[in-house]
Amino acid sequence: MSMLVASQAVMRLAKYLAHAGVASRRAAEEIVRAGRVTVGEEVVTDPARDVDGTIAVRVDGNDVAIAEDRVVWMVHKPRGVVSTAKDTHNRPTVVSMVDAPGQRLYPVGRLDAETTGLILLTNDGDLANRLTHPRYEVPKTYVAHLGAFVGEKALRTLREGVELDDGPTLPAEVRQIESGVLQITLREGRKRQVRRMCTAVGHPVQSLERVAFGPLRLGDLKEGRVRRLSPAEVQRLRDAAAPPARAPG
Ligand code: URA
């Protein structure tokens, strides 16, 4: 499984061309020596020149890019780390937590800066779109500390639907796992949704952690740690966001 994006791994020009499928390593060296290759605006005739894919490589004027595997990483986001790919205030980002040269990763959905827990990063734009599209209703589970026991009436409202300024929420699974601590599973993902829902029933959130995303659980991945998902886990994610099978006939 691969897609065509420029690689950011540093490698020698001839090897880069061979990886991109232009020619064998030996033939690529000849192509470079013949002056047919440019890196940026410069004609490069040294096959050993290092390139990292951040500057355009062209053969006879045609762009060359390396096929990059599609990957998904799980990150246990700490508080204070933002889940955008870049931050205008120079705060650390979830993307900067993963050391994966050559992989252009971006976050699947968002967590607030002060929310901790499970966030996925991927270079597979199609999978990311499906996992966050409301149509697929991929469940996301949070543990919210509210500080005080939540009564039955508030729990029922949270379960059945809370009136927010951008409309009522969909039914949610809500369990009080200990006094003042709720486990909440949502099948939608509006901005600051858990915080707004809890505030609306009179219980502002003191701390919030996402513990599951679709079929995946944070498990024992420690705060600040990351791990690459196995092919079987990626397949379970794909299944969770698969278009519904067509009815026969
Ligand atoms: N709901 C919130 O309020 N914040 C998050 O980060 C995720 C869900």
Side-chain angles (χ1 to χ4, degrees), residues 72-89 91-98 105-122 127-148 150 154-177 180-219 221-226 237 240-241:
V72 185
W73 290 79
M74 181 189 290
V75 171
H76 187 157
K77 185 183 102 53
R79 191 171 284 117
V81 174
V82 295
S83 56
T84 46
K86 281 216 174 83
D87 183 51
T88 43
H89 296 90
R91 289 174 294 184
T93 70
V94 285
V95 172
S96 66
M97 291 174 60
V98 178
L105 301 171
Y106 38 95
V108 177
R110 298 267 184 271
L111 288 178
D112 304 329
E114 63 273 34
T115 300
T116 60
L118 196 170
I119 185 158
L120 299 174
L121 306 185
T122 186
L127 179 63
N129 286 338
R130 285 196 285 117
L131 286 170
T132 50
H133 195 290
R135 175 150 78 113
Y136 299 107
E137 298 190 352
V138 175
K140 283 146 296 228
T141 301
Y142 301 86
V143 172
H145 285 252
L146 309 176
V150 184
L155 288 176
R156 193 168 340 110
T157 307
L158 290 170
R159 287 185 185 122
E160 291 176 358
V162 180
E163 201 56 58
L164 297 178
D165 52 12
D166 53 356
T169 59
L170 291 177
E173 287 154 44
V174 181
R175 280 201 310 130
Q176 187 150 214
I177 52 180
V181 183
L182 300 187
Q183 179 178 294
I184 301 177
T185 301
L186 302 181
R187 290 174 185 275
E188 53 184 341
R190 295 193 236 158
K191 210 166 188 295
R192 301 180 75 81
Q193 185 168 344
V194 173
R195 293 175 194 278
R196 290 191 293 141
M197 288 169 70
C198 292
T199 299
V201 297
H203 288 273
V205 168
Q206 294 180 342
S207 69
L208 185 62
E209 176 150 287
R210 181 154 69 191
V211 295
F213 190 113
L216 300 174
R217 302 198 67 79
L218 196 53
L221 187 68
K222 298 271 181 297
E223 190 168 310
R225 305 302 289 263
V226 305
L237 266 184

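For ligands, and for the atoms within them, numbers begin at 1 and follow the listed sequence.
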Peer 1: According to salt bridge (charged side-chain N to carboxylate O under 4.0 Å, His left out), who are the partners of Arg187, at least two apart in sequence or on a separate chain?
Peer 2: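 Expected list: Glu173.
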
Peer 1: Which pair of non-hydrogen atoms, one from Lys77 and one from Ile119, has the smallest distance, and what is that distance?
Peer 2: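 It is CB-CG2, 4.1 Å.
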
Peer 1: Name all residues meeting the salt bridge (charged side-chain N to carboxylate O under 4.0 Å, His left out) criterion together with Arg190; count only those two or more places apart in sequence or in a different chain, and write none if there are none.
Peer 2: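 Residues passing salt bridge (charged side-chain N to carboxylate O under 4.0 Å, His left out) with Arg190: Asp166, Glu188.
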
Peer 1: Partners of Arg79 by side chain to side chain donor-acceptor pair (under 3.5 Å), sequence neighbours excluded?
Peer 2: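 Counting only residues at least two positions away or on another chain, Arg79 forms no side chain to side chain donor-acceptor pair (under 3.5 Å).
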
Peer 1: Where do Val75 and Leu221 come nearest, in terms of heavy atoms and distance?
Peer 2: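 That would be C-CD2, 4.2 Å.
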
Peer 1: Write out the protein residues near ligand 1, meaning a non-hydrogen atom under 4.0 Å from one of its atoms, in order of chain and number.
Peer 2: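 Residue list for ligand 1: Leu111, Asp112, Thr115, Tyr142, Arg192, Gln193, Val194, Arg195, Leu208.
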
Peer 1: Test side chain to side chain donor-acceptor pair (under 3.5 Å) on Thr115 and Arg195 and set out the steps.
Peer 2: CA-CA 10 Å; Thr115 300; Arg195 293 175 194 278; 2.7 Å; yes

